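Note sheet for the following structure.
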Amino acid sequence: NPHYQQYYLNKLQREFAATDPKHLPTGALGLFLDNISESWGDIEDYNNGAPPHEFADKAAYQNGMASFLRAINNEFPDIQIWGNMTSLSTNEENFVSFKPFLDGAMIEGAFLNWDGDPRSVSQVESGNETADAWGKDLLYVVQGDSSNTYHKYTFGLYLLMVNADAYFFFSDQSSYSNFYKITDYQLALGKPLGSREKIAEGVWRRRFANGLVRVNLNTHTTTIVLNP
C-alpha cells in the first residue's frame with residue numbers, strides 16, 4: 001500500500017529528525033524491523049491459518065514486503081537497516097527478494113528450537129548454509145536460560161560461522177534483559193584461519209590462530225582447544 005508506506009516513512013523522518021525529546025536522539029544510525037517474515041507459513045499463522053486479505057499468495061506478500069523495504073532504503077540510504085528474519089535459520093522460505101535492502105539480520109531462534117531443545121543435524125547444517133548464503137551481518141540469538149546445558153554447544157556453532165560480521169546473544173525470549181555468560185567467551189582464540197570443515201557425519205571443526213573449535217551436532221557438544 002503506497003499510502004501506508006508514505007505514512008511509515010513520515011514517521012521515520014520524525015524519529016530521525018530528533019526535534020522532539022520524546023523520540024530518538026540525534027545521531028541514530030540504524031533501524032531495526034521486528035519482524036520481517038520471509039515464511040508464508042508464518043504469515044498465515046499470524047492470521048489464524050488463512051492468507052491475509054492484503055496478499056493473495058506468497059509471491060504477492062514477498063513483492064509487497066520487498067517494495068516496503070525498498071522504499072525505506074531509498075528514503076534513508078545512509079542508515080543501517082536490520083530485520084528480525086524469523087525463518088532464516090530454518091531455511092523455510094527464500095529471503096532473496098529482501099536481501100538487497102537490508103544491511104543485517106537477526107536470527108531470533110538460532111541453533112536451538114524455541115523451547116531450548118537442539119535441532120536435528122540436518123536442520124542445523126541447512127540453517128548454516130542459509131546463513132552463508134545471506135552474506136551480510138548476522139546476530140544469532142539463542143533461546144535458553146541460566147540452566148540450559150546447550151550454551152557452550154551453541155557458542156561453538158557460532159564460532160564455526162563467525163567472521164567480522166556476526167554476533168552472539170544467549171538469552172530467554174521472556175526477558176532479553178537477561179544476559180547469560182560462560183567462561184569460554186573469554187578465550188583468546190584469535191582470528192579464524194579459514195572456514196569450517198566437516199570431519200565426520202555431524203562433526204565440524206574450525207581452526208583459529210590460537211586454537212581450534214570442534215562441534216559435534218550428534219551429541220550437542222563443543223570442544224575448544226587452545227594452542228599450547
Side-chain angles (χ1 to χ4, degrees), residues 1-5 7-8 31-73 80-145 148 150 153-154 157-158 160-161 165-176 202 217-218 220:
N1 185 319
H3 300 293
Y4 178 77
Q5 286 186 11
Y7 166 78
Y8 189 82
L31 172 68
F32 182 76
L33 300 168
D34 190 15
N35 293 327
I36 301 176
S37 294
E38 69 275 19
S39 166
W40 180 242
D42 285 351
I43 299 300
E44 290 184 316
D45 288 345
Y46 298 152
N47 200 47
N48 298 317
H53 71 270
E54 295 92 345
F55 306 107
D57 53 28
K58 180 178 75 174
Y61 164 71
Q62 289 185 319
N63 289 336
M65 179 57 76
S67 173
F68 178 63
L69 296 174
R70 182 186 298 108
I72 299 173
N73 187 269
Q80 287 272 315
I81 303 173
W82 283 56
N84 182 359
M85 304 287 280
T86 56
S87 303
L88 183 62
S89 64
T90 49
N91 198 22
E92 293 175 12
E93 299 288 351
N94 194 335
F95 55 78
V96 171
S97 57
F98 305 159
K99 180 178 174 179
F101 313 112
L102 296 169
D103 297 290
M106 180 175 89
I107 307 176
E108 193 171 11
F111 305 133
L112 302 179
N113 293 319
W114 282 89
D115 59 4
D117 288 335
R119 294 196 174 109
S120 69
V121 172
S122 61
Q123 285 177 317
V124 173
E125 291 180 342
S126 176
N128 288 351
E129 290 174 2
T130 304
D132 288 338
W134 172 250
K136 294 187 176 184
D137 291 6
L138 280 171
L139 168 60
Y140 294 91
V141 177
V142 182
Q143 300 299 325
D145 56 35
N148 194 304
Y150 301 116
Y153 165 61
T154 56
L157 286 170
Y158 161 75
L160 291 180
M161 304 295 296
D165 53 358
Y167 310 89
F168 180 82
F169 182 60
F170 189 97
S171 190
D172 183 350
Q173 60 175 315
S174 64
S175 181
Y176 280 149
L217 278 65
N218 306 293
H220 314 122

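Since the structure is predicted, the reported quantities are computational estimates derived from the model, not experimental observations. Here, residue 1 is the first one in the sequence, and each next residue gets the next number.
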Which atom names give the shortest non-hydrogen contact between [X] and [Y], and what distance separates them?
X: Pro51; Y: Ala56; value: CB-O, 4.4 Å
X: Ala131; Y: Tyr140; value: CB-OH, 3.6 Å
X: Ser171; Y: Ser175; value: OG-O, 3.5 Å
X: Asn1; Y: His3; value: OD1-N, 2.8 Å
X: Gln5; Y: Ser67; value: NE2-OG, 3.1 Å
X: Tyr153; Y: Pro118; value: CE2-CB, 4.4 Å

State the [atom1]-[atom2] distance between [X] and [Y], to the nearest 0.5 angstrom.
X: Gln62; Y: Asp57; atom1: CD; atom2: CG; result: 9.5 Å
X: Asn63; Y: Phe55; atom1: CG; atom2: CZ; result: 9.5 Å
X: Asp117; Y: Gln143; atom1: CG; atom2: CD; result: 12.5 Å
X: His53; Y: Asn47; atom1: NE2; atom2: CG; result: 9.0 Å
X: Asp115; Y: Gln173; atom1: CG; atom2: CD; result: 9.5 Å
X: Asp103; Y: Asn73; atom1: CG; atom2: CG; result: 7.5 Å

### Message
How about CZ on Phe32, more than 12 heavy atoms from neighbouring residues, nucleotides or ligands closer than 6.0 Å, or not?
### Response
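Yes, enclosed.
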
### Message
Is it the case that the side chains of Asp172 and Ser174 hold a donor-acceptor pair, with the cut-off being a distance below 3.5 Å and no angle test?
### Response
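Side chains of Ser174 and Asp172: pair found under 3.5 Å.
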
### Message
Under a 3.5 Å cutoff, is there a donor and acceptor pairing between the side chains of Tyr176 and Glu108?
### Response
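Looking only at side-chain atoms, Glu108 and Tyr176 do form a donor-acceptor pair, the distance falling under 3.5 Å.
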
### Task
Kindly say whether the aromatic ring centers of Tyr150 and Phe111 come within a distance under 6.0 Å.
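Ring centres of Phe111 and Tyr150 not closer than 6.0 Å.
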
With a 4.5 Å limit on heavy-atom distance, are the side chains of [X] and [Y] in contact?
X: Met85; Y: Ile107; result: no
X: Asp137; Y: Trp82; result: yes
X: Leu102; Y: Ile36; result: yes
X: Thr154; Y: Tyr158; result: no
X: Val142; Y: Asn148; result: no
X: Leu31; Y: Leu33; result: yes
X: Leu217; Y: Leu157; result: yes

### Query
Is a donor on one side and an acceptor on the other found under 3.5 Å between the side chain of Lys99 and the backbone of Trp134?
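Side chain of Lys99 to backbone of Trp134: a pair is present.
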
### Task
For Tyr61 and Ser37, indicate whether the former's side chain and the latter's backbone hold a donor-acceptor pair under 3.5 Å.
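At least one qualifying donor-acceptor pair exists.
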
